[in-house]
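Below you'll find the structure, written out as structure tokens, and then a few comments.
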Amino acid sequence: MLAANPPKCPFFLTHSFPVSSPSPSKLTCSASFQSAAEERSEIRLGLPSKGRMAADTLDLLRDCQLSVKHVNPRQYVAQIPQLSNLEVWFQRPKDIVRKLLSGDLDLGIAGFDTVSEYGQGNEDLIIVHDALGYGECHLSLAIPKYGIFENINSLNELAQMPQWTKEKPLRVATGFTYLGPKFVKENGLNHVIFSTADGALEAAPAMGIADAILDLVSSGITLKENNLKEIEGGVVLRSQAVLVASKRSLLKRKSALETTHEILERLEAHLKAEGQFTVVANMRGNNAQEVAERVLSQTSLAGLQGPTVSPVYCKRDGQITPDYYAIVICVPKKALYKSVQQLRAIGGSGVLVSPLTYIFDEETPRWRELLSTLGL
Ligand SMILES: Nc1ncnc2c1ncn2[C@@H]1O[C@H](COP(=O)(O)OP(=O)(O)OP(=O)(O)O)[C@@H](O)[C@H]1O
Ligand SMILES: O=P(O)(O)OC[C@H]1O[C@H](OP(=O)(O)OP(=O)(O)O)[C@H](O)[C@@H]1O
Ligand SMILES: [Mg+2]
């Protein structure tokens with residue numbers, strides 16, 4: 001299990017050492033970078049400079065009222081006016097991870113696949129938010145649909161093929177030269193050799209360069225168009241965009257932790273709200289309790305913390321009395337139509353639906369988790 005084409009980039013050389021026993025060059029490098037990090041007063045957030053994560057990242061931050069002021073796309077530093085102590089640095093996703101490890105960035109947004117591949121399990125990297133809701137894909141082993149693989153549909157079947165020997169191992173093309181070998185080792189595949197390429201990996205089997213590929217899949221179209229198939233047990237990891245931090249930064253600098261808290265709260269509040277609608281409806285009833293009971297008898301109307309039921313007063317024969325009740329609930333977007341049907345079934349009318357911008361909980365579970373990971 002080794003990379004057939006040893007990568008030329010010095011980072012690969014450093015990263016090929018196990019994390020538990022870093023190379024001397026890595027230690028020297030990290031010590032000098034660390035002192036530079038300590039001299040900085042501003043907090044640095046790394047964002048993808050281009051590629052598929054770039055636009056969605058800026059959109060997400062904008063939706064959290066954290067718009068990045070970026071004068072032109074070739075300028076690699078920018079600001080988020082709401083966070084005065086923060087500098088944004090645009091970098092390639094893999095460089096975001098490397099620079100978090102070297103202490104040149106404090107926070108970053110990248111795909112979980114990139115964090116896992118280039119972070120190599122380093123404990124200095126902490127995932128602060130693991131589900132930013134875009135860049136969804138999975139890293140998966142794929143083999144041809146044809147030839148000797150026609151009846152192979154699982155990792156076990158692949159491992160047991162008599163074709164793979166020490167002299168003639170299964171050849172896998174991948175850009176994931178850390179996660180790939182780790183996965184085959186953990187899954188007991190003995191005779192495997194990896195080669196690397198930067199893109200269009202799906203061509204490798206048809207070109208005769210590899211027997212299988214290990215690459216990211218989202219729609220599955222590229223695999224299909226190249227006559228390849230995924231196999232049972234062949235998914236190495238599932239990925240989406242994550243917010244990741246350097247543990248050292250958060251522990252050493254109080255302002256880094258405070259900024260992380262604010263970003264996390266805004267992300268959580270926005271992402272939670274994004275999946276929900278506020279629904280307001282009118283309902284006749286004898287009292288608020290009775291209306292609430294009717295609402296709660298329906299499975300799709302429980303809301304975030306039960307319904308809010310408010311009397312709507314009117315003047316009749318000189319008397320001010322509650323004529324009907326207004327109920328307010330939050331419903332998941334997916335369950336909207338079902339909720340409206342259930343509201344109607346219990347006498348709801350005049351149903352108003354509006355999008356939610358933020359849901360701020362008392363304290364976000366991810367913040368509590370972060371503090372506990374930091375031992376605070
Ligand atoms: N179908 C997909 N294929 C590849 N990446 C995807 C896909 N869907 C989502 N992603 C996410 O987008 C990231 C790829 O983004 P991008 O294209 O910028 O990176 P890259 O091509 O690996 O980087 P670079 O061009 O710097 O080598 C992946 O790491 C993953 O997190
Ligand atoms: O499942 P799908 O939706 O078809 O997406 C998967 C493809 O997308 C990515 O390639 P990319 O477009 O980044 O091109 P590249 O391989 O040349 O980098 C990835 O490497 C797969 O080839
Ligand atoms: Mg790409």
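For ligands, and for the atoms within them, numbers begin at 1 and follow the listed sequence.
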Report summary line: For Lys94, the atoms of ligand 1 under 4.0 Å from one of its heavy atoms are 26 (O), 27 (O)
Query raised in the report: Salt bridge check: are Arg368 and Glu363 linked by an N-O gap of less than 4.0 Å?
Result: yes
Report task. Mark the output for Gln240 as yes if a heavy-atom distance to ligand 1 is under 4.0 Å, and as no if none is. Result -> no
**Report entry** Atoms of ligand 1 close to Ser218 [distance to a heavy atom under 4.0 angstrom, numbered from 1]
**Finding:** 1 (N), 2 (C), 8 (N)
Query - Nonpolar side-chain network containing Tyr313, other nodes, edges under 4.5 Å - result: Ile320
Report task. Please step through side-chain contact (heavy atoms from CB on, under 4.5 Å) for the pair Leu271 and His129, ending with a clear verdict. Result -> CA-CA 11 Å; Leu271 290 169; His129 198 301; 3.7 Å; yes
Report task. Would you mind telling me if ligand 2 is within reach of the side chain of Asp215, the backbone, both or neither, using heavy atoms under 4.0 Å? Result -> side chain
Query - Arg52 touching ligand 2 at heavy-atom level, < 4.0 angstrom - result: yes
Report summary line: So the atoms of ligand 2 within less than 4.0 Å of a heavy atom of Glu202 turn out to be 21 (C), 22 (O)
Requested in this report: May I ask you to list the atoms of ligand 1 that are less than 4.0 angstrom from any heavy atom of Lys50?
Outcome: 18 (O)
**Report entry** Element-labelled atoms of ligand 1 that are located less than 4.0 Å from some non-hydrogen atom of Gly111
**Finding:** 31 (O)
Report task. Step by step, work out the side-chain contact (heavy atoms from CB on, under 4.5 Å) result for Lys182 and Glu117. Result -> CA-CA 10 Å; Lys182 184 168 176 280; Glu117 173 66 22; over 6 Å; no
Query raised in the report: What atoms of ligand 2 come closer than 4.0 angstrom to any heavy atom of Ala200?
Result: 15 (P), 16 (O), 17 (O)
Report task. Would you mind running through ligand 1 and noting each atom that sits below 4.0 Å from a heavy atom of Arg92? Result -> 24 (P), 25 (O), 26 (O), 27 (O)
Query - Enclosure of Asp317 CG (heavy-atom neighbours >12, cutoff 6.0 Å) - result: no
Query raised in the report: What do you reckon, does Gly135 put a non-hydrogen atom under 4.0 Å from ligand 1?
Result: yes
Query raised in the report: Can you find an N/O atom of Leu216 closer than 3.5 Å to an N/O atom of ligand 2?
Result: no
Report task. Sequence neighbours left out, what pairs pass salt bridge (charged side-chain N to carboxylate O under 4.0 Å, His left out) with at least one residue falling in residues 166-180? Result -> Arg171-Asp211
Report summary line: Counting from 1 in the order shown, the ligand 1 atoms closer than 4.0 Å to a non-hydrogen atom of Leu216 are 3 (N), 4 (C), 5 (N), 28 (C), 29 (O), 30 (C)
Query raised in the report: Numbering the atoms of ligand 2 from 1, which are under 4.0 Å from a heavy atom of Ser218?
Result: 1 (O), 2 (P), 3 (O), 5 (O)
Query raised in the report: Which ligand 2 atoms does Val217 reach within 4.0 Å, using its non-hydrogen atoms?
Result: 1 (O)
Query raised in the report: Do Ser246 and Asp106 pass the side chain to side chain donor-acceptor pair (under 3.5 Å) test, and can you show the C-alpha distance, the side-chain angles, and the key distance before you say yes or no?
Result: CA-CA 5 Å; Ser246 150; Asp106 306 303; 5.7 Å; no
Requested in this report: Give a yes-or-no answer on whether the side chains of Ser140 and Glu230 include a donor-acceptor pair shorter than 3.5 Å.
Outcome: yes
**Report entry** Reference residue Gln91; test side-chain hydrogen bond (donor to acceptor under 3.5 Å, both in side chains); the match among Lys99, Lys50, Arg98
**Finding:** Lys99
Report summary line: Closest heavy-atom pair, Ile329 versus Val331, reported as atoms and distance to 0.1 Å, is CD1-CG1, 3.6 Å
Query raised in the report: Which atoms of ligand 2 sit under 4.0 Å from any heavy atom of Ser219?
Result: 1 (O), 2 (P), 3 (O), 4 (O)
Requested in this report: Would you check the N or O atoms of Gly220, main chain and side chain alike, for any that come under 3.5 Å of an N or O of ligand 2?
Outcome: yes
Query raised in the report: Using a distance-only test with no angle check, is there a side-chain donor-acceptor pair under 3.5 angstrom linking Ser102 and Asp104?
Result: yes
Query raised in the report: With atoms numbered from 1 as shown, which atoms in ligand 2 lie under 4.0 angstrom from a non-hydrogen atom of Thr222?
Result: 2 (P), 4 (O), 5 (O), 6 (C), 7 (C), 22 (O)
Query raised in the report: Just checking, is any N or O donor in the side chain of Thr57 or Tyr134 under 3.5 Å from an acceptor N or O on the other one?
Result: yes
Query - Atom indices of ligand 1, in the order listed, that fall short of 4.0 Å to a heavy atom of Thr114 - result: 29 (O)
